[in-house]
Amino acid sequence: MRHTITVRVNGVEERHEVDANQTLLSFLRDTLNLTGAKQGCNEGECGSCMVLLDGKAVNGCLTLAAELDGHEVATIEGLGQAGALHPLQSAFLKHHAVQCGFCTPGVVMTSLALLQENPKPTELQLKTALAGNLCRCTGYRQILDAIQDAAKTMRAQSKRRTA
Ligand code: FES
Ligand code: FES
C-alpha cells in the first residue's frame, strides 16, 4: 500500500508517495538523497539515525514515512553551511568531538533538540538525553564538552537577539 505525504524537510516542502513500511530514515536517504542521518543498527539502539520531527529527536529507523504527512523534519543538512556553521558544529570541531563521524549527525541533532528545550543542561541531563546515542570512538568526554560549549554560544546569541 502507498501513501502520499506532504512534509517540510529543512524548510522545503516535499510531496512524495511512500510505501506503508518505508521508514523516515529510508525516506531521507533513499528518496530525498539526504544521507547525513546514518543507518547503524536499524532497530532503535544506536541513535545514528536521529533527526528532529516537529522539534523532537526521533529515531529515523523507527518512524514510518507515512506518519510524516503535515509535519516538519530537520536533519543535519539543514543545520549550518560551510563558512556559517551552527554553534554545535563549530564546537564539535573545536573539541575534537568527531573521529569516524558515523555517530555525529545523530548526536548533534539529539543535542540540538535538548538545547532548544533546555538551554542550560546539567551534565546529568546531557548524559540522559544522549543515552540513546552510541559512539564507539570518542569516549564521550569531548562530545559532552563540545555540547556545553555550544550551549554557552547559543545562550549568548539568544541574549544578543533579545537585547
Ligand atoms: S539506525 Fe536507528 S537507532 Fe540505530
Ligand atoms: S565518532 Fe566514531 S562512532 Fe562516534
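Since we're looking at a predicted model, the values are computed, not measured. Just so you know, ligand 1 is whichever comes first in the structure, and atom 1 is the first atom listed for that ligand.
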*Applying a 4.0 Å heavy-atom criterion (strictly less than), which segment of Asn42 is in contact with ligand 1: side chain, backbone, both, or neither?*
backbone
*Would you mind listing which atoms of ligand 1 come within a distance below 4.0 Å of any non-hydrogen atom of Gly44?*
3 (S)
*Which residue supplies the protein heavy atom nearest to atom 3 (S) of ligand 2, what is that atom called, and how far is it?*
Arg136 N, 3.3 Å
*Does Cys103 bring an N, O or S atom to within less than 2.8 Å of atom 4 (Fe) of ligand 2?*
yes
*In ligand 1, which numbered atoms sit nearer than 4.0 Å to a non-hydrogen atom of Cys49?*
1 (S), 2 (Fe), 3 (S)
*How does Glu45 reach ligand 1, by side chain, by backbone, by both or by neither, if only non-hydrogen atoms under 4.0 Å count?*
backbone
*Option of least heavy-atom distance to atom 4 (Fe) of ligand 1 (set: Ala37, Cys61, Cys46, Gly106)*: Cys46
*Determine, for Arg29 against Glu77, whether the closest basic-nitrogen to carboxylate-oxygen distance falls under 4.0 angstrom.*
no
*asked:* Do Thr63 and Thr23 have side chains that approach each other closer than 4.5 Å (heavy atoms only, starting at C-beta)?
replied: no
*Got a sec: is Cys135 within less than 2.8 Å of atom 2 (Fe) of ligand 2 via an N/O/S atom?*
no
_For Asn59, atoms of ligand 1 separated by under 4.0 Å from a heavy atom_ = 3 (S)
*Answer whether the closest heavy-atom distance between the side chains of His3 and Asp69 falls below 4.5 Å.*
no
*What atoms of ligand 1 come within less than 4.0 Å of a heavy atom belonging to Cys41?*
1 (S), 3 (S), 4 (Fe)
*Could you list which atoms of ligand 2 come closer than 4.0 Å to a heavy atom of Gly101?*
1 (S), 2 (Fe)
*Nearest heavy-atom pair of Ile76 and Gly36: which atoms, and what distance?*
CG2-CA, 3.7 Å
*asked:* To check you understand the geometry: which heavy-atom pair defines the closest contact between His71 and Val7, and what is its length?
replied: O-CG2, 3.3 Å
*Got a donor-acceptor contact below 3.5 angstrom from the Glu117 side chain to the Leu114 backbone?*
no
*Between Arg155 and Pro119, is there a donor-acceptor pair closer than 3.5 Å when you use the side chain of the first and the backbone of the second?*
yes
*So, Cys137 and atom 4 (Fe) of ligand 2: N/O/S under 2.8 Å, yes or no?*
no
*Residue that, paired with Thr31, satisfies side chain to side chain donor-acceptor pair (under 3.5 Å) out of Glu14, Gln22, His16*: Gln22
